[in-house]
Structures are given as structure tokens and as C-alpha cells.
Amino acid sequence: MSSKIVSGIRPTGNLHLGNYFGALRNFLKLQEENDCYFFIADYHGLTTHPTPENLQENVKQVLAEFVACGLDPDKATLYVQSDVPEAIELYLFFNMNAYLGELQRVTTFKEKARKQPNNVNAGLLTYPTLMAADILIHRASKVPVGKDQEQNLEMTRTFAKRFNHMYQTEYFPEPVAYNFGDELVKVPGLDGSGKMGKSEGFGNAIFLIDDEATIKKKIMKAKTDSGPTEKNSEMPDYIQNLFSLMDIVSETDTITQYKDAFADCSIRYGDMKKQLAADMNEFIAPFRDKIKSIVSNDELLSKIAKQGRDKARESAQRTIKEVRDIIGFKSI
Ligand code: TRP
């Protein structure tokens, strides 16, 4: 069944393998059967005060990377948040019925406030109302986000309900998280600590734009030890992680060969890492090449942005017109 789906992507950096196997691959499936709105959340990005150059660069890069990975501007509505200012009007309406107490209780706000005590701005506080506006401007009912966004989504439902109740209408849906369930492939990082993520420092994540030498360098630095000394011994987590990466990028025969070598203690981690690096490079290369060609093609990027903007604004303008009417803004 087709649903209206919205998701926002913060323009905070390059996509890595974990992003690809996390949200992105599922976005690709969703766009086939649903009315999807995927946007680059550059307004949200302002809470950390980027420079104008950085802001524009990041937006372009993210757009290029998403398109390179297969998000299709003809299937999904792919747009830049700040190209659709209608959402900001809805944000203002929601803010009139958003209360200081409830906004201050949001975990992500509390965390940010703790991490950046000198920049606890109102935009940070009202992040959940902007997110509600992002979603409800298209009256979407499903939002593919991770667990960390559940509380923000709960706020979206609160604002939708509050609006509906206040104006005695059923205008806004109460959006729920779209759960990927078992389809999520967990990608471990290279530092042996668990999940691939960019915040863990250089070397933990393999980015889709990494060149061959960088990939090799990162993989060769991954934690190993002097190898098993007892046959069929249990695999330490950091070795298991390397095998999990192999599962993603290597041939079955190759994986079996190294698993057998682990079991009979003949494994040489240096060789295994070289193999993993070569296979990883082969996997990443097509993404890297595509990203490079798109990011340097300003004409294509602005065509894609315009196509998304037009579609998104049409949907947003319809909502704003109806919301103004419900609230009682009528031209005199
Ligand atoms: N808050 C989301 C995140 O941190 C990004 C986001 C902004 C978003 N607006 C949204 C996600 C609307 C889904 C729907 O990842």
C-alpha cells in the first residue's frame, strides 16, 4: 500500500557504509511504492552555526551522494529544506502551542544543551516543532527514522493532536515511525568498538568517497591480535567485525577460506585485511566515481534541486493554504 513518507537528512558529512546499509538502502525500496519526500535538513543544520561556504558545500555533497546511491528524483521528491519556506510558517503555528516545559524535557535537547552550554539557542529548543512542521507540511503518516528520533516523533504526534483538537478537525495525521525491522544490516566500525559511525574519529568509518589508499590505510589499522592459538576458539569481537565487513563486500569462498583458517589457527590477519581492503575498494569504487561525477556537475545538481523544490512546494502550499483557512487567516 502506498503511503506518504517524509524523512530529513542532516547535512553533517559524507555518507559511510553504515549509512548506506542503514537508512539509505531502505529509502531506495520505499521510493518504489510510496509518495516519498526526502529532504536535506539545512535549516536544522543552522543550530550549530555553519559558515555560508560550509552550508552550501555540505548540501551539495549530500544531494550528490544520495542521488549517486540511487535516490531517484523522478520517483521520490528530493529537495532542500530551505527551498520550501512554507514549512516555516507551519513551524510558527506549532510554536504557538508548544510549551517550554515539554520542549526542555526532550532528551536530544538536554544532551545538546549539555554539550554546547554556550549555544543553547531557541532553534535548538524548538527543533521538535520544526521537525513536526517538516513532516506535517506534507501530511505524511510515516517517518523512516531510527530509535533516537522516537521522542521527536512523539512530539510531532502531540502537535498534530493539539492542532486537531484546538480546531476541532482531523486535518493532520499522527505520524508513526516506519520500522525497517530485520532489513537493517548492521555495519561494524573498524575501531573494534561496534557500530560504524563518523563521530568515533578517523579510521572507524569507510566513506563512500574514500579512495583506494584511504580504504587500505583504515583497514590495515583495524585492531587484531597475534591470532588464535587453540583450534575452533571463540572469535573476539574485533575479529568478528572484520568478518562482518567481509560478509558485505567479499565473495563467499573468500570468507569461508578465512573462517577455516581462523578455525585451524593458520590465519594471518595481515593477509585477511589486505583481501578485505581490495574487496572493499571494489565495492566502494562505483559509488565514489558516481559521487565525483555528480558533485562536479552543477547543472545537474540544480536541475535535481529545482525538480524537488517544485514538487515539494506544491504539496506544502496546499497544506499552508488549508491550515490558514482552519486557523482563521482569511483575506479581508
Ligand atoms: N532529526 C532528524 C535527525 O537528526 C533529521 C530530521 C529533521 C528529520 N527533520 C526531520 C527526520 C523530519 C525525519 C523527519 O536525523
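Owing to the predicted nature of the structure, the values given are computational and were not obtained by experimental measurement. Start at 1 and go down the list; that is how both ligands and their atoms are numbered.
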Which of parallel (below 30°), tilted (30 to 60°) and perpendicular (above 60°) describes Y37 and Y79?
perpendicular

Per-residue contact class, I9 against ligand 1 - non-hydrogen pairs under 4.0 Å
neither

Please write down residue, atom name and distance for the protein heavy atom closest to atom 2 (C) of ligand 1.
Q149 OE1, 3.4 Å

Between H44 and D134, do the side chains contain a donor N or O and an acceptor N or O under 3.5 Å apart?
yes

Are the side chain of N34 and the backbone of L30 linked by a donor-acceptor contact shorter than 3.5 Å?
yes

Region of F39 that comes within reach of ligand 1 [heavy atoms, distance under 4.0 Å]
side chain

Is the contact between V143 and ligand 1 made by the side chain, the backbone, both, or neither, using heavy atoms and a 4.0 Å cut-off?
side chain

Residue, atom name and distance, where the atom is the protein heavy atom closest to atom 9 (N) of ligand 1
D134 OD2, 2.8 Å

Mind checking whether Y167 and F163 have ring centres under 6.0 Å apart?
yes

Will you find, in the side chains of N19 and E65, an N or O donor that is under 3.5 Å from an N or O acceptor?
no

Indicate, with yes or no, if the rings of F38 and F27 have centres closer together than 6.0 Å.
yes

Close N or O approach (S7, ligand 1; < 3.5 Å)
no

Looking at H44, which atoms of ligand 1 are within less than 4.0 Å of one of its heavy atoms?
7 (C), 9 (N)

Give the residue and atom name of whichever protein heavy atom lies nearest to atom 4 (O) of ligand 1, and the separation in Å to one decimal.
R10 NE, 2.6 Å

Would you say the side chains of E57 and Q61 form a donor-acceptor pair under 3.5 Å?
no

Tell me the protein heavy atom at minimum distance from atom 6 (C) of ligand 1, and give that distance in Å.
G8 O, 3.8 Å

Per-atom contacts of ligand 1 with I135, taking only distances under 4.0 Å to non-hydrogen atoms
12 (C), 14 (C)

Is the closest side-chain donor-acceptor distance between S141 and K4 under 3.5 Å?
no

Interfacing atoms of ligand 1 (cut-off 4.0 Å, heavy-atom, V145):
11 (C), 13 (C)

